[in-house]
Asker: 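Below you'll find the structure I mean.
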Amino acid sequence: MMILVEKMTAFLKKTVPVPIVIAVSSGIVVGGIFGLSIPLLVAAHSERVASYEEVAALSMVEDALRFAGRSHSEEAGFSYVTLPGIQKYDGPRLAQTMPIETKEAWLSWMSKNRNDDPFFLEERWQWAQDLVLTSELKRPEDVRAFLLTPREHFVRARNKGLEYANTWLQIGYGATITDPDVVSMMTSTLKVQHGDKVLEIGTGSGYQSAILSYLTKDVYTIEIIKPLFIETDALYRELEKSFPSYSVINRKLGDGYYGWEEYAPFDKIIVTCSIDHIPPPLLKQLNPGGIMVLPLGPPNRQYIMEIVKNEAEDGSITLSRRDVYNGLSVKFIPFRDDRGSSYSTPLPPEE
Ligand code: SAH
């Protein structure tokens, strides 16, 4: 078979002019994209619930096409690193002054001090009460952060009506906004203290870092998908006008596997993409006594693990780990390198 392909390639090289080869290959690529998108569109619109992979693949095709059509000027002003954090707006202090004893007191404070849509305030209050009852959202600081973060701005327009649904949602580019249950589980595991330096891997929608900005003034986040980075960076810039605490979120386009050496060490690290091992650079950049939370496991199933880095008096390092979801598995977007390959080894095929 290989010999046949080689012979054909050599023959084509000799006989077919370059423009025709380019035209034919572009035809195949474009045909491929549409060929893939039609079954995916059918799958997404049929009665059957499309699988996670189908939804992700569909959104990647959509976004590849959308982004390909973007003009260069839309990217003007784009920078690979946005470091607004020097302003150090005190989100945690704002959170502390907010009354949360009754819905009425909270609503009246929110309408005086913030710029939220009243419709979503009602939804957010009820949703947070439910999370406190059913999830790990218990620490008052975390509850306050959830009540202050307008999820409606992060879920993307395509998810209208599902802003406070208890589910993950696709946000484009094959990425998702994590479901609120898991966000509360991971956030509460970090036990963020005012003053902690926190690093997030996988900015995605921007929602997790927005929550963190009400817990500490030192937030760092890294995203690897360029158009998604640009979109969320622009969203933060826009939201900062009404919600100044997002000005403490330092953001970078890059491969989070290597952490953010320049600003290390971090007191807390949250990884929001799945991987079957702890990235050594991240472990190195975690302070002794620091906590890392990550979805650990092979590509199709992970467990949310809390890793605590302990340093003994003689300087030796030990790690303690805990499955914070008590054996319940989750499925996160893969932790990938800059060529799109997963950092995890796939499981062997089933017998
Ligand atoms: N924390 C996000 C969840 C996004 S899903 C939120 O609140 O919405 C996981 C994200 O991890 C995706 O956006 C994906 O592009 C990103 N990701 C995957 N590999 C990465 C890497 N090597 N470095 C940084 N981000 C990565």
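First listed ligand is number 1; within each ligand, the first listed atom is number 1. Because the structure is predicted, anything quoted here is derived from the model rather than measured.
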Asker: Return the option from Ile211, Ile177, Thr176 holding the heavy atom at the smallest distance from atom 3 (C) of ligand 1.
Answerer: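 The nearest heavy atom belongs to Thr176.
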Asker: I want to confirm something. Looking only at heavy atoms, which of Ser205, Gly340, Gly204 is nearest to atom 8 (O) of ligand 1?
Answerer: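 Ranked by closest heavy atom to atom 8 (O) of ligand 1, first place is Ser205.
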Asker: Would Glu141 and Tyr214 count as a side-chain hydrogen bond (donor to acceptor under 3.5 Å, both in side chains) if you check the C-alpha gap in whole Å, the side-chain angles of each, and the deciding distance to 0.1 Å?
Answerer: CA-CA 8 Å; Glu141 297 89 318; Tyr214 295 113; over 6 Å; no
Asker: So is Ser209 close enough to ligand 1, meaning a heavy atom under 4.0 angstrom away?
Answerer: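 Outside the 4.0 Å threshold, so no.
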Asker: Is the CZ atom of Arg301 crowded by more than 12 outside heavy atoms at less than 6.0 Å?
Answerer: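 No, not enclosed.
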Asker: Angle class for the Phe243/Tyr246 ring planes (parallel below 30°, perpendicular above 60°, tilted otherwise)?
Answerer: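 Judged by the thresholds at 30° and 60°, the geometry between Phe243 and Tyr246 is tilted.
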Asker: Looking only at distance, does Tyr343 have an N or O less than 3.5 Å from an N or O of ligand 1?
Answerer: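 Checking ligand 1 against Tyr343, no N or O pair falls under 3.5 Å apart.
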Asker: Could you point out which residue of Arg156, Arg251, Arg237 forms a side chain to side chain donor-acceptor pair (under 3.5 Å) with Thr232?
Answerer: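 Testing Thr232 for a side chain to side chain donor-acceptor pair (under 3.5 Å) against Arg156, Arg251, Arg237 leaves exactly one candidate, Arg156.
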Asker: Side-chain donor-acceptor pair under 3.5 Å between Tyr258 and Gln285, yes or no?
Answerer: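 Checked: Tyr258/Gln285 side chains show no N/O donor-acceptor pair below 3.5 Å.
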Asker: Is there at least one pair of N or O atoms, one from Asp337 and one from ligand 1, spaced under 3.5 Å apart?
Answerer: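 No, since none of the N or O atoms of Asp337 sits under 3.5 Å from an N or O of ligand 1.
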Asker: Which residue supplies the protein heavy atom nearest to atom 23 (N) of ligand 1, what is that atom called, and how far is it?
Answerer: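 Protein heavy atom with the smallest distance to atom 23 (N) of ligand 1: Gly256 N, 2.8 Å.
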Asker: With backbone taken as N, CA, C and O and side chain as the heavy atoms from C-beta onward, which portion of Leu228 lies under 4.0 Å from ligand 1: side chain, backbone, both, or neither?
Answerer: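 Side chain only.
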